[in-house]
*Asks:* 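Quick one: this structure, given as structure tokens, is what I'll be asking you about.
A, B, ... follow the sequence lines: proteins, then strands. Residue 1 opens every chain. Just the heavy atoms: all of them, side chains too, but no hydrogens, waters or symmetry mates, feed the values below.
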Amino acid sequence: MQPILALDGVSKSFAGVHALKSVSFDVRPGEVHALMGENGAGKSTLIKVMAGVHAPDSGDIRVNGEVVRFASPREARAAGIATVYQELLLFPELSVAENIFLGHAPRTTMNALDWPKMRNEARRLLDDLDSHDLDVDARVGSLSVANRQRVEIAKALSQDARVLIMDEPTAALADADARRLMDVVRRLRDRGVAIVYVSHRMPEIFALATRVSVLRDGAYVGTSDIGDITEAELVSMMVGRPVDQLFPKANTEIGATVLELRNVGYRDEIENISLTLRAGEIVGIAGLIGSGRTELALTMFGITPATSGEILLDGKPIAITSPKQARDLGIAYVPEDRGLQGLIKSQTIRENLSLSLLDRISTASIINRAKESSLARELIKRFGIRARGPEQRVRQLSGGNQQKVVLAKWVATEPRVLIMDEPTRGIDVGAKAEIHALMSRLAGQGLAVLMISSELPEVLGMSDRVLVMNNGRIVAEFDRAHATPDSVGTAMMQTQTLAEVA
Amino acid sequence: MTATLRSLLRHETILAILLVIVLAALATQSDRFFTTANLLNQGRLMTEVGLVALAMTFVIVTGGIDLSVGSILGLTAILLGVFWHNLGLPLPAAMVLAVLAGGIGGLINGLIITRFKVPPLIATLATLALYRGLAEGISQARSVRGYPEWFFVLGQGEVWGVPTQLWILGVLVIIAAVILGLTTFGRATYATGANETGARFSGIGVDRTKMLIYTASGLVAGVAGVIFVSRVSTTRSDMGTGLELDVITAVVLGGTSIFGGRGTIIGTVLGLILMQALKNGLALSGVKGDGTIVVIGLVLILAIVASNIFSRNGDG
Amino acid sequence: MSMSAPAAARPAPPMRLLKRVAAYGQEFILLGAIAALFIVVGIISPRFFGANNISNIFAGNAYIAVAAIGMSLVIISGHIDVAVGSLIGVLATISGLLAVNGYPIWLAWLAPVLIGIVVNAGVGSLVAYLRIPSIVVTLGMLSILKGGLISVTAGAWITNLPEDYLIAQFRLLGVPSPVWFMVILTALVAFWMRYSSFGRTIYAIGGNVEAARVAGIQVERSTVIVFAIHGAFAGIAAVLFATQLQVIQSTVPPNLELTVITASVVGGVSILGGTGTVIGSTLAAILFAAIASSLIFLNVSAYWLRSVQGLLILITVLADMARRRRLR
Amino acid sequence: ATWTGGDDLPTNPLACDGTAAAPVAKPYDGGEVTNQPDRKGKPIKVVDVPKLIGIGYFNATSKGIADAAKELGNVDAKTDGPTQANIDQQISFIDNYITSGVDGILFAANDPVAIAPVLKKALAAGINVVGYDANSEPNARQWFVNQAEFNGIAKSLVDNMAKEIGEDGSFAIVTSTFTTPNQARWISEMAAYQEKCHPKMKWLETVEAQEDNVLSFNQATTLINKHGADLKGIFGMTSVATPASAEAVTQAGQCGKVAVIGLATPNAMKPYVAKDCVKSVVLWNPVDLGYAAMYTLRAAADGDLKPGATSVKAGKLGELQVINGSEILLGAPYTFTKENINDFDF
Ligand SMILES: Nc1ncnc2c1ncn2[C@@H]1O[C@H](COP(=O)(O)OP(=O)(O)OP(=O)(O)O)[C@@H](O)[C@H]1O
Ligand SMILES: Nc1ncnc2c1ncn2[C@@H]1O[C@H](COP(=O)(O)OP(=O)(O)OP(=O)(O)O)[C@@H](O)[C@H]1O
Ligand SMILES: [Mg+2]
Ligand SMILES: [Mg+2]
């Protein structure tokens, strides 16, 4: 069958960075073509070329065999190409319905916007995505990341596209939601839509894709039918080398209790949380979206200070009322949203790395620039951050490397407790393995690690103990031996049903 | 020189070149422009705006704005008179109290902005009216005059041949430049302006930083108020009306991004000097006041256009 | 327990209504404030309810309300214009000069609107295409227009305006024409903002420029258009301003830009862009006129007038903040 | 609200019957120019810095200055100043002109004390300094041309009002701001004079309206609405407030019921006077004021006007009297009425 959309020898560079080097790629109706590559390989850039956001420096774009030039995203959309971008591009002040239909809203005969119809259509689209609880009148700014992701997808679906491009649509989704989304993708594929799918999650690729193409450092590496390739081969195509084992959980000696929470609550978001973190231990928290895991982390880090209960550090009661205080007590938090919470993207790597330990590199408040630079260089080396140097702006780094900057910045504060919220979200396998290895190493050095993750395999693979949260409470606890996909998954689901009954 | 420093200095470099050209051009227009006496005198005239502009640089770097500075200046001027004349306090005590009152005005701005999350523009728009109203209400339109001679040293006197207030401005410029450029507080200021959430999640006391900055802005406006009273020998409740526009123009001309996260004290000082040089030099060259205003408006727009174009070429 | 919390969970019909109310909260706060003011002042001083006084309150700030419509669009789109006072001064002078120099009356009315469009399209172009922050461009424009106006007119008053030029003094059904302008333009724009795609585009640009760009919105062109529309409203406001009396001062009215911006933001337009309605800004303009009038009726010493205004602005804004927090 | 403002200076109401207060002989209290070069008969450069530019009143004084300069032939005069009545900017303007090297400075002070240091600096730089309209501290300038004394204006305004609304009428005042020195002085003197000579008149209140046309109109309208039939008269204290108040009365259909008396320039008032809505407008002729100021400056520069002089020749205005030590009196305030208003064009 003829490809509906094809790229031919497309190149694109940004201020000297060759993001794409003569890449060819195509997608046919009724197939899911997966696009793989490490962080910074150029996947999102390629997608933006197809979507008309970036004009290619050279090379051709063909729609149904005809060469086209997209001067703007509008033209790409007119050609039947809909895109779900990696960084969610929504309007926080507008409603869900309006976000879905902005730019192509239904009209009345008077050519005025037809709000009732817009809301109904939005309802229908969201119901299609099994998002019955998402209010079409809600302000998008008030939604969780996962719900925003759903809005993005509904928006793409609303356009009746012939080509649907999805850039890491499941990165922010928990397993169950990801599965629901995959069902939707299959349905669309069966309807004859051509789908370009980017994800770092291998199982999804093998469950969904018809073909897979790989980019490395902006260059096209190859394409294969999904049946003709194994996971290991795919990984080595992406990385250019064999990758260390994922979830390299080293058995470390578990020490004394560092941090203890007793019946901690914050408003009505989390309630009666009791848990202990011990030196050298990795505790994983599993849960569905909105189960309150992030809320718990925010409370432990002083963003939303606890409104009830007790927190003890080394057995002594403490109050954590601000992130600054948490940091000074030796608690570090690698947040969920790295662009907004983790980094100052317009600043340099050096400035980001030193931001949480300014006191330590300054005398009488004056920052020692030499110390700061050498610290930055050392961390870049130690964490294998791929960058031109400490003076590169974080904005210009790929997602994985940005994540490493956040990690490095917090590890450099030499914390005793490290809370990681979705530490490998949107991270390629290579980087993921590195982060996992790092996590193991840190635990080995006596850190108490609390890891929140929506990827069950990651939770199970990395944790000494697994806590399951639902509705703002801890509802189950498993030690490593008993934490199986079945047991944890059942706990997550059961409590969900319980909550619904209640 | 590092890449950041280079990119930070880019606007300042353009501005410095522009300033040199303007100074040269003005000097050829009038032989009375480029004289020590005139330049020192201009320094005296720009001190109040300059002082407030230093604090405003911090405010704008955090992504905020303080429109109430002119009103705070007026309020401190009135309070200085009231404390001294009506309450009979010794003048030095009245001076200190008046400056502190300015600080309280700034503190209230900071509280409204950090506690109640009111956008700075709106918060200070409201206090712009509020503080001016207080100045009018407290003064009941009366002026306080008849200050002792020693008090005028501050605004009309000289120390080692240089206007007294210029020393104060000079010292504060250095302090401000060091704080913003070299200290942890400066770093916190930039981080807050560039990404407030990110700064908070990095353990920066964002609210504390902002409170300090708005309070400092009020304090400095208070100091400017006292200097102003000393310079003009009287207090009036309409003192400092419209000061905020001059201050913001100087800061923005100096390359501080109105969106926050970017700006330097050097830039502000250059912007300030450029503005004052234009006002003075054009007047000396026979251009009337209204013509001067037009030129300043044009220079502001053109300077920012030029630096935008240059820096975009640089960044790609 | 706040009322909006259960509403967020499952919007039953009455709750939905409450949510609507909450979403338009600032308008209701303002309406409440105006009503409260009228009742309190009216009880203390019944003459406050005099037909003339009511009509003056509505007519007195109508030109500010009209200017605030354009300003609201600009602020919703994520920008600001601090030069609007100067622009109105310039346009009013041009209008008056045309009227006294024998040009047709319709031209004296139309020219300010057209010139407003052209000037602000220029401002918008600098903002959109050269990426200069709007506050910087308009700060420059403020100086240029203000200085330029005085250079040209030397502040000479314009007198001897023809009777039939004084449109702001016309009445229709006993209601002063500025009130008609204010009400009709507010209603039209409010409707247009909600039911036209360009209206929504303004919200989109102000809410998230990058998202607007990939949604296929021509951000630059739209920004220029928003500024141009704002220029048109400044032109209408200038004509209303110029024809209110029989003389035109031909200078820039002091602090007019602050009043217009304040009307917009007190009306609930977020200074960060992306939200707000023009109904709010019009109500705010009416509230200001009502406050100014009330203070005279309540014998508040005029010395404290400005403090009271400042406090009231603060209270309205804080009330709005509290409401928004509850909404979340 | 009653008037509490103004300054702390004592009021000095004139006698009710208009007998002029005996002029107090006072020695010269003006300032001295240091090292004044010989300017006698030589061309001089003069700058006029009014309170603000761009209002009708100062346009008129500026015209008078230009007229006189032309008549004199050896004066190069120009007007420059702030666009808002702002003490700080006015000071900067004067300072710049001192630096640029003028021979003479004419000023109308926004604040008598604030402007003093810079004027003294001018005197010290050998520049002749003459004020008009609004005085500075006496020793900061050589001479001040007084358009009409505060108490004279007050008397004229209040007497005219009493004539129109009767001895027991109620009135209100619209002024620019409470901090404007001249207006504040006038209002204080009016209060004192009314107390003394028209004790039954009732002063309702005073409102601020800046130098803003539309605001003045709105404030006057509100006064009319508030006081209804109780309000018999409105004083406009500025050349902006008076026509706006007249307009308010006109648009409220209260012509003949609410009197408007005030300080204003004739051109702005002609429509209302023609329609009989306003019967009397009080003002000196600001063109003459500027003209006299220019002549006074020339005389001071030539050395013809020395401390101790009792009069000065001012071209077509003839001899003007020196009062109060160092002030030159233009004359009594002038009342414009329907009969004479069309003779003036400013
Ligand atoms: N607007 C831009 N300006 C400069 N460099 C850019 C820009 N966009 C992308 N790049 C660079 O291009 C390269 C490819 O980035 P891209 O976002 O396409 O990677 P990706 O494969 O999507 O990575 P990830 O898996 O982390 O999302 C990176 O080196 C990135 O830094
Ligand atoms: N109504 C809301 N308004 C604003 N933010 C919200 C809202 N609901 C959730 N969030 C944010 O979304 C994120 C997820 O919320 P929560 O802590 O409840 O769930 P979680 O178990 O961490 O889920 P996730 O898998 O999405 O991280 C948090 O950052 C939270 O602050
Ligand atoms: Mg990507
Ligand atoms: Mg989470």
*Asks:* Most heavy-atom pairs under 4.5 angstrom with chain B, which of D:P82, D:G101, D:G81?
*Replies:*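 So the answer, after comparing D:P82, D:G101, D:G81, is D:G101.
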
*Asks:* Let's test your reading of the structure: which of D:I53, D:V118, D:D95, D:D111 forms the most heavy-atom pairs below 4.5 Å with chain B?
*Replies:*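 Answer, by heavy-atom pair count under 4.5 Å with chain B: D:D111.
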
*Asks:* If we define contacts as heavy-atom pairs under 4.5 Å, which of B:Q156, B:R236, B:K279 has the most with chain D?
*Replies:*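 Looking at each option in turn, the highest pair count goes to B:R236.
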
*Asks:* I'd like to verify something: which residue of D:N96, D:I115, D:I91, D:I98 has the highest number of heavy-atom pairs under 4.5 Å with chain B?
*Replies:*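 Sorted descending by pairs with chain B, the first entry is D:N96.
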
*Asks:* Can you name the nearest heavy-atom pair linking D:V75 to D:M294, along with the distance?
*Replies:*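 Smallest interatomic distance, heavy atoms only, reads CG1-CE, 3.4 Å.
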
*Asks:* Tell me yes or no: between the side chains of B:T47 and B:R231, is some donor less than 3.5 Å from an acceptor?
*Replies:*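 Short answer, no.
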
*Asks:* Side chain, backbone, both or neither: which part of B:I293 has a heavy atom under 4.5 Å from chain D?
*Replies:*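 The side chain, not the backbone.
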
*Asks:* Measure distances from B:V287 to the heavy atoms of chain D and classify the residue's part below 4.5 Å as side chain, backbone, both or neither.
*Replies:*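 Backbone only.
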
*Asks:* Take the angle between the ring planes of B:Y147 and B:W84 and call it parallel below 30°, perpendicular above 60°, tilted in between.
*Replies:*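 Parallel.
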
*Asks:* Verify whether one side chain among B:R32 and B:N38 offers a donor that lies under 3.5 Å from an acceptor in the other.
*Replies:*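 Note: B:R32 and B:N38 side chains miss the donor-acceptor criterion.
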
*Asks:* Restricting to non-hydrogen atoms, name the atom on B:D66 and the atom on B:T124 that form the minimum distance, rounded to 0.1 Å.
*Replies:*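 Nearest heavy atoms, B:D66 then B:T124: OD1-CG2, 3.5 Å.
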
*Asks:* Quick check on B:L45 against chain D: is it the side chain, the backbone, both or neither that has a heavy atom closer than 4.5 Å?
*Replies:*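 Interface part for B:L45: side chain.
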
*Asks:* At a 4.5 Å cut-off on heavy atoms, which part of B:F228 comes close to chain D: side chain, backbone, both, or neither?
*Replies:*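 Contact with chain D: side chain only.
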
*Asks:* How about B:T57 and B:T268: does a side-chain donor come under 3.5 Å of a side-chain acceptor?
*Replies:*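 B:T268 and B:T57 do have a side-chain donor-acceptor pair below 3.5 Å.
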
